[in-house]
Chemist: 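One structure is given below, represented as C-alpha cells, and several questions about it will come after.
These numbers come from a predicted model, not from an experiment. Letters A, B, ... are given to chains in the order of the sequence lines, protein chains preceding strands, and every chain is numbered from 1.
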Amino acid sequence: MTIHNIEIAAKFNQIADLLEIQGENPFRIRAYRNAARELESLPQEITDMIQQGVDLTTLPTIGDDLAKKIEVMVKTGEIPYLKKLETQVPLVLSELLKVEGLGPKRVKTLFQKLNVQNADDLRKVIESGKLRTIKGFGEKLEQKISAGMLHVQEYSKRTRLSDAFPIVESFIKYFKKLKEVKQVECAGSFRRRRETVGDLDILISSNQAEKIITHFVNYEEVDEILSQGDTRSSVRLHSGIQVDLRVVDEASYGAALLYFTGSKAHNIAIRKMAVKMRLKINEYGIYRGEEQLAGKTEKDVYKQIGLAYIEPEMREDRGEIVLAQKNELPKLITLNDIKGDLHCHTTASDGDASIEQMVEKAQALNYEYIALTEHSKSLTIAHGLDEKRLLQQLELIDKLNAKLKKFVILKSMEVDILEDGTLDLSEDVLKQLDLTVCAVHSKFNLSERKQTERILRAMDNPYFNIFAHPTGRLINKRQPYAIDLDKIMQAAKERGCVLELNAQPERMELDDVHCLQAKNRGVKIVISTDSHSTSQLDNMKFGVFQARRGWLEAKDVINTHSLKELQRLLKRD
DNA sequence: GCCGTTTTCGGCCCGACTGTTTTCAGTCG
C-alpha cells in the first residue's frame, strides 16, 4: 500500500478540525495545518523519503512528534491519535465546519447542547425552532446557516483561472469608470495565477471608500451582499463566485496588495521576519512602533525586511524568501519569450482551422515557428492520420514553407503511445518528421507500474521527443492517471526527452510543483497550447502562468529558443 | 506542536465585519 502525501495531509487537517472543535491550543492546531500544507506542496513522496532514510524532521513544520505520526501512517495507513480523537468528537462534525457561518465554537455548542452531528441534524433543529433557544444563535445567524447549508457543495468548488479572467476583467472595467478609483487590481490566488481560484479579491486605492463600496454592491452581476463595512465588503455574484473588496489609501496600497495577494503561508513567513526585526507588517504598511516605514508599493515593503521583489506567482513559501534574501530569484519566463507553439491541430484531424489560418495567427503572435501535430491513426475518433495522409500533409507543408518568410512550419505529429509502449507510426515515417509529440490517449486506468513502464518503453524509441499530456488530468473533472513522474523525469533527462506543459485551461498538465521538480532535475519543458482552433493559440498565457508558478525561466523552456537552438535541443544522442 | 543570530521555554501574523452582546466572541480572509 502506498500512502500519498495528500492523504497524510488530509488526516492532519482532520486532526486540526477536531482539535479546533474541542477548543484546543490554537498554535497546536496551526502546527497540524502547517504540516498539512507542507506535505501538499512537497515535490517528493514522503513514502519514498522514508524508504531512502531521510530524516523527516529536517522538513520545515515537521518535528519529532509529527514525524513519528507520519511514519506510523505510512506503515499502517492510520494515525492512532486521530482514532482516539474520534472517540471524543465525531469526525463528521468537521463537515459542518464547511457551512458558512459555522466555525469550531458554534459547531461545538451545537454538538453539546443539541447533539447536532451532521447536516440532517442541523436542518431538524432549525425547523423545530430549537436552534434559536441557544444563547448566541439569533434569527440572522439562523438564516445565514440555513442558506450556507444549501451551498456547501456548490461554493466549495474552485473556478478555473481561465473562467475567472473575463469576470475579473469586467469588474476592473466597471471600477475604472469611477474617478475616485486611483488603483484597482485583483489580488488573491488570481494574481498568483493558481490554476483554480476560490473567490476573487479586488483591491482598490481611494480616499472615498464609502462611494467605492456603494458602487461595488450595486454591480449588476451581484446576487447577494454578504457583508458591507466601511473599508471592505463581500458579495456573491449570479455565477456563484464570491468577490471580496477592500479599499485602502494610496499610502497603503502596496502593503494591502501584498497582504491580499498572499499566499497565507508567504504572508506569515514575511510577517515573522518583520517581527524578528522588531517591525510589524499589516495591510496598511510596515511599521516600527507607530511610524510607517513603507506601504505605497510592494517593493518598498519587501525592501524594508531585506528582500528583493518577489513575483506573485512565487509567493507560496516554497523557498522563494531565502532566494529573495540572497537576491538570487529566478528571472521568470514571460509570454514575450515564447517563439512558437509545438502542439496544434488543423482540420486534417480534429481541429477547426486550416493550416494557413493557424500559420497566419501564429505569425500575428510574432512566432517564428509552429509544429503541426495531428493525431495518429489509432485515434479514429479524432480522425487520426495514417501514414498515407500524413505524407500528403508533409508535402503540403514543404510547399507552404517554400513561400513563407521568417517563419517555418515544423513537421510533426501527436503520436499515440500504444498500450505496449510502441509508437503508432512506422520508423520510416517517424524519421521524416522534425519532432514528435507523444501521448497516451487510451488505457488510462493501468496500474502505476504498468503505465510508467509503458511510457518508459516509448521513450526508448529514438524518435520520441516530447512527452505530451503527462498526467492526463482534466481540472474538476478527471483525476490524473497513475504514473511515476519522478521516474519519467529521470528517464527524460537521460534520454534527452522533453516534457510538455499543456496550456489548455482545463488541462494544465504539468502542475506548478511538477515544473519545479523538472527544473531541479534539469529536464526541459515545452509549453504548448494543443490548439484546435486559431483562438486557442492565445491560451499560451495560461501555460506561461503555470510555468512561472513552477519557477521556470526562459532557458528552461525549449520554445523560447530560436529555431536553430530548438533543433539542437530536440536532438537525441 | 514547532522553533531558536536576544530564547530549549515561551513565544507563535494581523485586522475587519457581524450579530448579539451591552463590551465582545466568533468567523473570515
Chemist: A/K69 has an atom NZ; how far is it from atom C1' of B/dG1, in whole Å?
Modeler: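 Rounding to the nearest Å, NZ of A/K69 and C1' of B/dG1 are 8 Å apart.
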Chemist: Hunt down the Watson-Crick or G-U wobble partner of B/dT8, both distances under 3.5 Å, from any strand shown, or write none.
Modeler: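 Because no pair has both required distances under 3.5 Å, B/dT8 counts as unpaired.
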Chemist: Considering only the P atoms, how many Å lie between B/dT18 and B/dG11, rounded to the nearest integer?
Modeler: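 Going atom to atom, P in each nucleotide, I get 34 Å.
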Chemist: Take A/I268 and A/A31, find for each the nucleotide of DNA chain B with the closest heavy atom, and name the residue whose nucleotide sits nearer the 5' end.
Modeler: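 Per heavy-atom nearest nucleotide, the more 5' residue is A/A31.
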Chemist: Checking side-chain polar atoms at under 3.5 Å, does A/H215 have a donor or acceptor matched by the opposite partner on A/E180?
Modeler: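 On atom types as modelled, these side chains do not qualify, holding no pair under 3.5 Å.
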Chemist: Are A/D486 and A/Q44 close enough that a side-chain donor and a side-chain acceptor fall under 3.5 Å?
Modeler: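 A/Q44 and A/D486 do not have a side-chain donor-acceptor pair below 3.5 Å.
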Chemist: Could you give the distance separating B/dG26 and B/dT20 at their P atoms, to the nearest angstrom?
Modeler: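 Each nucleotide's P atom is 14 Å from the other's.
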Chemist: Taking the P atom in each of B/dG1 and B/dT7, what is the distance between them to the nearest angstrom?
Modeler: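 Straight-line distance between the two P atoms is 26 Å.
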Chemist: When every nucleotide of nucleotides 15-25 of chain B is labelled 5' to 3' by its protein contacts under 4.0 Å (heavy atoms), B for base, S for sugar-phosphate only, - for none, what sequence of letters results?
Modeler: SSSSSS-----
Chemist: Quick one: label A/P26 by what it contacts on the DNA or RNA (base, sugar-phosphate, nothing), any heavy atom closer than 4.0 Å.
Modeler: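 No contact.
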Chemist: What verdict does the side-chain hydrogen bond (donor to acceptor under 3.5 Å, both in side chains) test give for A/Y174 and A/E220, after you've listed the backbone C-alpha separation in whole Å, the side-chain angles of each residue and the deciding distance to 0.1 Å?
Modeler: CA-CA 10 Å; A/Y174 174 72; A/E220 61 177 2; over 6 Å; no
Chemist: Using a 4.0 Å heavy-atom cut-off, does A/I62 contact any base of the nucleic acid, only the sugar-phosphate backbone, or nothing at all?
Modeler: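 Sugar-phosphate only.
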Chemist: Between A/R28 (CZ) and B/dG1 (P), how many Å, whole number?
Modeler: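 My rounded result for the distance is 4 Å.
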Chemist: How are the rings of A/F216 and A/F171 set relative to one another: parallel (under 30°), tilted (30 to 60°) or perpendicular (over 60°)?
Modeler: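 A/F216 and A/F171: tilted rings.
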Chemist: Among B/dG29, B/dG1, B/dC12, find the nucleotide with the atom closest to the side chain of A/K272.
Modeler: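 Shortest atom-to-atom distance from the side chain points to B/dC12.
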Chemist: Please examine the side chains of A/V513 and A/L516, heavy atoms only from C-beta on, and report whether any two atoms are closer than 4.5 Å.
Modeler: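 SC-SC contact between A/L516 and A/V513 ruled out.
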Chemist: Over how many whole Å does the gap from A/K11 atom NZ to B/dG1 atom C1' extend?
Modeler: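 So the NZ-C1' distance, A/K11 to B/dG1, works out to 20 Å.
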Chemist: Would you find more than 12 non-hydrogen atoms of other residues, nucleotides or ligands less than 6.0 Å from A/Q52 atom CD?
Modeler: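 Result for CD/A/Q52: enclosed.
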Chemist: Base, sugar-phosphate or nothing for A/L102? Non-hydrogen atoms, less than 4.0 Å.
Modeler: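 Answer is sugar-phosphate: A/L102 comes under 4.0 Å of backbone atoms only.
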Chemist: Nearest nucleotide by nearest heavy atom, which residue falls closer to the 5' end of DNA chain B, A/V107 or A/D64?
Modeler: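 Mapping each residue to its closest nucleotide by heavy atoms, the 5'-most match is A/D64.
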Chemist: Starting at atom CD1 of A/I29, determine the distance to atom P of B/dG1, rounded to an integer number of angstrom.
Modeler: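 The answer, rounded to whole Å, is 11 Å.
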Chemist: Do A/S189 and A/R194 get their side chains close enough for a donor-acceptor pair, meaning under 3.5 Å?
Modeler: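 Checked: A/S189/A/R194 side chains show no N/O donor-acceptor pair below 3.5 Å.
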Chemist: Rounded to whole Å, how long is the line connecting atom OH of A/Y32 with atom P of B/dC3?
Modeler: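 In whole Å, B/dC3 P lies 14 Å from A/Y32 OH.
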Chemist: Please report the distance, rounded to the nearest Å, between CZ in A/R37 and P in B/dC2.
Modeler: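 After rounding, the reported distance stands at 15 Å.
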